[in-house]
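Worksheet: the structure to be examined is printed underneath.
The analysis underlying the following values was restricted to heavy atoms, covering all of them including side chains, and did not include hydrogens, waters or symmetry mates. From a predicted model like this one, the values you see are computed outputs, not experimental measurements. Atoms within a ligand are numbered from 1 in the order they appear, just like the ligands themselves.
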Amino acid sequence: MNSRLKLGARSAVPLGMRRDLSPAELFDREYPAARKAPHLAPVPSYARPLDVRRAMEVDLSVIRDQRGDLVVAELGKHLPFVARRMYSLVRVPEGEARGGHAHKELEQLLFVLHGALDLVLDDGVTQQRVRLDDPEKAIYLRPMVWRELEHFAPGTVCVVLASEVYDESDYLRSYDAYRDELAALGW
Ligand code: TYD
């Protein structure tokens, strides 16, 4: 196949399916604005913006048959970043809360595989509480969103996909430090 034909075929394939682009290139093509100014980034078709302006609710794909439901989160379709880390929150004792921080650069996709929890989001202006209780719904958090997770139902399994490996220097662990960083960014 000559290169012109190959290019033509490429453009007919949905963005997330372009195997010949690296994940970083995929991201740069679809979300250039998100990298420079997350608060101004366009909302992709598969997501709804939440009141906290940098967060979105994402419908994951579900393939149902008689054997059960298969839920998919895929790069370019539901996941606007390359996941370099996964962590989960499990066996959270009743009454315990998690989170209580923001990230300077990290992006995350958060969902509850089983059970339920309240995700409390804050962008320095607006606060919003979202009950996560459906494995088909995910929350996409851009950088600089303050989050707390509370009211875990017993047995809840919360999964987080993160755009970077663990880096403590990316954390803003006090709300004052978070507000200062927002001010420094002019947000
Ligand atoms: P913490 O930020 O308090 O968890 P949460 O966001 O759920 O409230 O993290 C608890 C500890 O685990 C802290 O010492 C940092 C460490 N940690 C890692 O080593 N790797 C990771 O990927 C994460 C998320 C945390």
Residues Lys104, Asp170: salt bridge by 4.0 Å N-O rule: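 Salt bridge: no.
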Charged N-O contact under 4.0 Å between Asp65 and Arg67: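 Salt bridge present between Asp65 and Arg67.
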Hey, is the main chain of [Y] close enough, under 3.5 Å, to the side chain of [X] for a donor-acceptor pair?
{"X": "Arg48", "Y": "Met56", "answer": "no"}
{"X": "Asp118", "Y": "His151", "answer": "no"}
{"X": "Arg85", "Y": "Glu164", "answer": "yes"}

Amino acids contacting ligand 1, non-hydrogen cut-off under 4.0 Å: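 Close residues (ligand 1, cut-off 4.0 Å): Arg85, Tyr87, Leu89, Arg98, Gly99, His101, Tyr166, Tyr171, Arg173.
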Flag for Tyr175-Asp122: side-chain donor and acceptor within less than 3.5 Å: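 Present: a donor and an acceptor within the cut-off.
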